[in-house]
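Below: the structure, in C-alpha cells.
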Amino acid sequence: MTEPTYLHATRVAYDTVAVDYAKLVPPAFENDLYGRAMISTFAELTLALDAGPVADLGCGPGHLTAHLQSLGVTAFGIDLSPQTVAVARRRHPDLRFDEGSMTDLDLADGSLGGIIAWYSIVHTPPELLPAVFAEFHRVLAPGGHLLIAFKAGDRLRHLKQAYGHELSLDVYWTSPDRIAELLSRTGLVVDAQLIREPNEQEKPRQGQQAYLVARKPASAGNQETRTADNLSRDEPTDLIPGDNPR
C-alpha cells in the first residue's frame with residue numbers, strides 16, 4: 001500500500017530536524033505551565049483507572065514520556081520518524097520508544113490506559129482526523145483517557161524552514177469545537193478543555209493553544225460506536241484547514 005503523502009512528508013521533515021528539534025522543544029515544554037497542569041490531571045485520572053500503560057503518540061525526543069514516568073505513570077513513546085526515535089532512545093535509555101504511525105497502531109484493542117497526542121495531530125489533514133480518532137478509540141481500554149494538545153484556529157500553514165533546516169511540511173490549526181465534535185462522533189466523551197493565549201515566547205507567530213481531555217466510556221463494549229468509515233459515508237467532515245507545527 002502506498003504511504004499517504006502527508007505521512008511521508010512528516011517523516012522526512014522530522015528526520016531532518018530531529019537533533020535540533022530535541023534541543024529546542026523540551027525547554028518550551030517546561031514553560032507551558034497550563035499544559036503541564038493538564039498533564040498532571042491526566043496522570044491522576046490514568047493512575048486511578050490503572051487499566052494499562054499510556055502511549056505518548058508523536059513522542060518526539062521523549063521529554064513528555066519521561067515527564068509522565070516522573071508522575072508515576074507507566075508510559076512509552078511512538079513516533080513516525082526513525083531519527084526522532086533514535087534521539088529519544090539516546091536521551092532516555094531506560095524508556096521504551098517505538099517507530100509507528102498513529103493512523104495504524106501496532107497495539108491490541110483496549111490495551112492502553114491512556115493516550116497523549118501532544119501537538120501530534122497538527123500535520124494530519126483535518127478531513128482524515130476521524131480515522132485517527134477511531135484508532136485512538138480502538139486501543140483505549142474502557143474508561144481510558146485521551147489528552148490532546150493542538151493549535152486552536154482554522155488555517156493552514158506550509159513550512160519551508162523550521163528548526164534551522166529547510167523542509168516541506170503542512171501544519172494545521174483546528175477549531176477546538178470541531179475536534180470535540182469529531183471525538184464525540186467516534187465514541188469518546190469529552191470531559192474538559194482548556195484554551196490559553198500564546199505566551200511571550202510564542203508571540204506573535206503562535207495563536208491560541210488548546211488542550212482537551214476525553215475518555216472512552218467504561219461501558220463502551222455495550223454501546224454503538226461510530227467508525228471512521230461511517231463518519232465519512234453519512235456525515236460530511238467539511239473541516240477548514242488550520243496551521244502550525246507540533
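Below, all heavy atoms of this structure are taken into account, side chains as well, without hydrogens, waters or symmetry copies.
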Task: ring-ring contact (aromatic ring centres under 6.0 Å, His included) partners for His63, two or more places apart - done: Phe29
Task: Aromatic contact, Tyr211 with Trp118 (centres under 6.0 Å) - done: yes
- [ ] Could you give me the CA-CA distance, side-chain angles and deciding distance for Ile148 and Phe133, then say whether side-chain contact (heavy atoms from CB on, under 4.5 Å) is met?
- [x] CA-CA 11 Å; Ile148 299 181; Phe133 294 160; 3.8 Å; yes
Just distance, no hydrogens or angles: give the donor-acceptor pairs under 3.5 Å from side chains in residues 108-116, sequence neighbours left out.
| residue | atom | partner | partner atom | Å |
| --- | --- | --- | --- | --- |
| Asp109 | OD1 | Arg138 | NH1 | 2.6 |
| Ser111 | OG | Ala108 | O | 2.7 |

Open item on the list: Using the rule given for side-chain contact (heavy atoms from CB on, under 4.5 Å), can you reason through Thr124 versus Met102, listing the C-alpha separation, both sets of side-chain angles and the distance that settles it, and then say yes or no?
Closed with: CA-CA 10 Å; Thr124 302; Met102 62 186 180; 3.7 Å; yes
Task: ring-ring contact (aromatic ring centres under 6.0 Å, His included) involving Phe97 - partner list, sequence neighbours excluded - done: none
Task: Verdict with reasoning, Ser175 to Asp154, per side chain to side chain donor-acceptor pair (under 3.5 Å) - done: CA-CA 6 Å; Ser175 161; Asp154 290 293; 4.9 Å; no
Open item on the list: Is it the case that the side chains of His165 and Asp20 hold a donor-acceptor pair, with the cut-off being a distance below 3.5 Å and no angle test?
Closed with: yes
Ignoring hydrogens and angles, write down the donor-acceptor pairs under 3.5 Å from the side chains of residues 68-76, residues two or more places apart or on other chains.
| residue | atom | partner | partner atom | Å |
| --- | --- | --- | --- | --- |
| Gln69 | OE1 | Ala75 | N | 2.8 |
| Ser70 | OG | His67 | O | 2.5 |

TODO: Given ring-ring contact (aromatic ring centres under 6.0 Å, His included), test Tyr172 with His158 step by step and report yes or no.
DONE: CA-CA 9 Å; Tyr172 299 88; His158 181 73; over 10 Å; no
Open item on the list: Suppose we screen for side chain to side chain contact (heavy atoms under 4.5 Å, CB included). Which residues come up paired with Thr41, at least two apart in sequence or across chains?
Closed with: Leu45
- [ ] Supply the members, apart from Leu33, of the Ile/Leu/Val/Met/Phe/Trp/Tyr cluster built from side-chain contacts under 4.5 Å; use none for a lone residue.
- [x] none
Open item on the list: Pairing donors with acceptors under 3.5 angstrom, does anything connect the side chains of Thr65 and His92?
Closed with: no
Open item on the list: What's the separation between atom CD1 in Ile121 and atom CG in Leu182, rounded to the nearest 0.5 Å?
Closed with: 9.0 Å
Open item on the list: Would you compute the distance between atom CG of Leu129 and atom OG1 of Thr103 and round it to the nearest 0.5 angstrom?
Closed with: 11.5 Å
Task: Aromatic ring proximity Tyr119/Phe150, centre distance under 6.0 Å - done: no
Open item on the list: Would the distance check show the side chain of Ser184 and the main-chain N or O of Ala180 forming a donor-acceptor pair, the cut-off being under 3.5 Å?
Closed with: no
- [ ] Mind listing the closest non-hydrogen atom pair of Pro176 and Gln193 along with its distance?
- [x] CB-OE1, 3.5 Å
TODO: Give me the one residue out of Val139, Asp98, Val132 that meets side chain to side chain contact (heavy atoms under 4.5 Å, CB included) with Leu105.
DONE: Val139
Task: Distance in Å, Glu44 CD paired with His145 NE2, rounded so as to fall on 0.5 Å steps - done: 11.5 Å
